[in-house]
Amino acid sequence: MTTFVQRTASRRDGESASGSFWTGRSELFVGVLVGAIGGFLLLRTTMMDVPSSVSFLGPRFFPAVIGALLVVLGVSLAVRVALPGHRSTVPEEQSEMEADASGAGSDWKPLLLTAGTLVAHLALLRTAGWIVAGALLFWGVSCALGSKHKLRDLGISVIVSSAVQLAFSTGLGLSLPSGLLLEVL
Amino acid sequence: METLSLLLDGFGSALTPVNLLLCLAGVVLGTVVGVLPGLGTAMAIALLVPVTFQLDPTGAFIMFAGVYFGGQFGGATTAILLNTPGQSSSMATAFEGFPMARSRRAPQALATAVLGSFLASIVAVTLVVFFSPLMVDLAVGFGPPEYFALTVLAFLATSAVVAGDVLRGLSGLGLGLALAMVGIDEQSGAVRFTLGSPRLLDGISIIVVTVGLLAIGEVLYVASRARRKPATETVASGRPWLSKRDLGRSWRPWLRGTALGIPFGVIPAGGAEIPTFLSYGTEKTLSRRRGDDEFGRGAIEGVAGPEAANNATTATSLVPLLGLGLPTSATAAIMLGAFQQYGMRPGPLLFTQEADLVWALLASLFIGSLMLLLLNLPFAPVWAKLLRIPRNYLYAGIVVFATLGVYTARSSLFDVLLLYVVGALGFMLRRYGFPVAPVLIGVILGPLAETSLRRAMAMSQGDVGVLFASPFAVGIYSILLVAVVGSTVLRVRRARAA
């Protein structure tokens, strides 16, 4: 009874501030992920082909133990976050408070820009070659983190990736993908 | 005496021009990452492993050790001048160091930090030189049960005893162990968790995991916090010089800090944070007992003690790393991973088969400490200027370097994909305050734990008693039991008090 009252009360507080039950509870996702990885280990362990020569403690014992452990930990993490009265115990709360009032959670724009840059780099590395993909990687991350001179940084990025290409291919003898463009030429 | 002649041989091979240059490169790089907040020695070494694969292993490890030591020296500089500890082990230094800098005593604070670091390193490295062979003698008789006990100790000490939160620590450990299990099982040949992908048969490379967690994860985390502005103001400072009075106040804290730091390197307590705070606390208590109340306004003892402590811990962490293959901090775990990449296994075999490498490495620690003294004592304020490098270039450079290292290690685009996926995992862990050391230790020691357990069980035909048959294993488990019970009691008390 009391828990119900507390929960509705805290929920109302949360709504008036900036959100719902989910505010400050995004860690629930981590618990679910940890549990899911544990479940995956258990599932694949039961499906594993085991050579008949195995004696004591075959290749399935360790994964089964770790899988079970992760399921238990995932559930505990999720339950702890979902409990009413949960206060985010993330240690860097102090640093979050240092950020301006609107920055309670993550900064999505720079984060997504960085992640997008990584994906683009993956897609371009083989096709466009290192000079292009590497320059994009440097420029993308630099812009995502608040570059002040975007055009100048583009130049720096090309210099960096070209210098790396040169150092790796002539200096260390390691090959980086040159890309379709150079291959055609 | 045999040790001495081996060490002299070590100096012989460490003093070659190439190795001196690599040592210098290592300590300079270490100082740089130590000075810059957010970049740690663990990340720096993880990034170096794939690129140094072309070098001969001795040179590579001399460089890694230089980075490891340099980070501890550099961390103090920015903690004192800017109140921005470059490493978590320099946090305690900032408490008294920054007030000293503000009251125009920055040169003295830097001098006591660097001299204390140097003294502690030399004392601790000397101990390493003489104790590592003893550790090896102990480890010669180890079989699978003892190695299993050691891995359990490393796992639980880093995840459950030291970590701030048991659930998070254990989850990190479990994720690390899970990552380590992907691929062909060496003992039975069974294929595990590859989802049918032939690229995963060899497992997920340690390079991919360490670089992903430490470098890519960190950059994503920085991106998610991009609005916070870094401190770039440098406090002016003069020639670092200790007056007779300052020296008189410093030497006892140096020795006490060294004494506190030494044992912490040998136990898997997750690095040098704990001894630095212990040393800070000790100096504060002692000064209050003497009737001084300078603490809080810049007491030189509060800089001298913690700096000596963190360097002593860093040095002695090499004893279990080289002698047993037991990493006691995240950086030591990365070094162990690097040994594995070179196909070497720290422990008794390393001292017999790779004796040249080990003794050259140990000798280079003395040389590196001396280089760090010369680099940091006069030039500390110059290093602090590194903070003026725009952060976006720094992190963009890290991403490029991380990608390059992983790609060139196996010329595999798939590895780069894995790198970014592990990086996303690293970001998530960082974002929600999960410690990263248990993940690293799980990935790096997981295979050893599993193989030892299975070998032990095969030896004993399935009798669990074999795990507790040797006094050493029983000793390890008892220490672990005491530590777990002790930390649980402390936690419960703290929770009640709160």
Heavy atoms only: give me the nearest A:R60-A:T46 pair and the separation to one decimal. NH1-O, 3.7 Å

Contact part of B:Q461 toward chain A, heavy-atom cut-off under 4.5 Å: side chain, backbone, both or neither? both

Which atoms of B:T403 come close to chain A, meaning under 4.5 Å heavy atom to heavy atom: side chain ones, backbone ones, both, or neither? side chain

Got a sec: does the CZ of B:F53 have more than 12 other heavy atoms crowding it under 6.0 Å? yes

B:I207 and B:R410: side chain to side chain contact (heavy atoms under 4.5 Å, CB included), yes or no, with the steps? CA-CA 11 Å; B:I207 293 179; B:R410 287 206 289 206; over 6 Å; no

With chain A, which of B:D185, B:I398, B:N392 has the greatest number of heavy-atom pairs at distances under 4.5 Å? B:N392

Does some side-chain heavy atom of A:W139 sit less than 4.5 Å from a side-chain heavy atom of A:S147? no

Just to be sure I understand the criterion: a residue of residues 151-159 of chain A counts if one of its heavy atoms is under 4.5 Å from a heavy atom of chain B. Which ones qualify? A:R152, A:D153, A:I156

Among residues 113-123 of chain A, residues within the sub-4.5 Å heavy-atom range of chain B, in order of number, are A:T114, A:A115, A:L118, A:H121, A:L122

Please flag which part of B:F401 lies under 4.5 Å from any non-hydrogen atom of chain A: side chain, backbone, both or neither. neither

If you count heavy-atom pairs under 4.5 Å between each of A:L69, A:L125, A:D49 and chain B, which one has the most? A:L125

Looking at B:V406 and B:L419, what are the two nearest heavy atoms and their distance? CG2-CD1, 3.8 Å

Identify which of B:A449, B:G462, B:A396 forms the greatest number of heavy-atom pairs closer than 4.5 Å to chain A. B:A396

Bottom line for B:V191: the part with an atom under 4.5 Å from chain A's heavy atoms is backbone

Can you tell me which portion of A:L112 sits under 4.5 Å from chain B's heavy atoms? Options are side chain, backbone, both or neither. neither

Nearest heavy-atom approach of A:S26 to B:Y432 is OG-OH, 2.6 Å

Apply side chain to side chain contact (heavy atoms under 4.5 Å, CB included) to the pair B:L453 and B:L467, showing each step before the final yes or no. CA-CA 8 Å; B:L453 178 63; B:L467 295 179; 3.9 Å; yes

Quick one: does B:L170's side chain get under 4.5 Å of B:P438's, heavy atoms only? no

B:M457, part contacting chain A, at a heavy-atom distance under 4.5 Å: both

List the atom of A:P63, the atom of B:E450, and the distance in Å for their closest heavy-atom pair. CD-OE2, 4.4 Å

Here the pair of heavy atoms bringing B:A456 nearest to B:P144 is N-CB, 3.7 Å

Among the listed options B:L220, B:L175, B:L404, B:T408, the residue most often paired with chain A at heavy-atom distances under 4.5 Å: B:L404

Taking side chain as everything from C-beta outward and backbone as N, CA, C, O, which of these in A:I66 sits under 4.5 Å from a heavy atom of chain B? Side chain, backbone, both or neither. side chain

In terms of heavy-atom pairs under 4.5 Å, which option from B:L177, B:V416, B:L413 contacts chain A the most? B:L413

Check whether B:I216 gets within reach of chain A through its side chain, its backbone, both or neither, counting any heavy atom under 4.5 Å. side chain

Given that the side chain runs from C-beta out, which part of B:Y393 has a heavy atom under 4.5 Å from chain A: side chain, backbone, both or neither? both

Counting only heavy atoms closer than 4.5 Å, note whether B:Q187 contacts chain A via side chain, backbone, both or neither. neither

Pick from B:L173, B:L195, B:L429: which one has the most heavy-atom pairs with chain A under 4.5 Å? B:L195

Where do B:R168 and B:G433 come nearest, in terms of heavy atoms and distance? CD-O, 3.4 Å

Engaged part of A:V72 at the chain B interface, taking heavy atoms whose separation is under 4.5 Å: neither

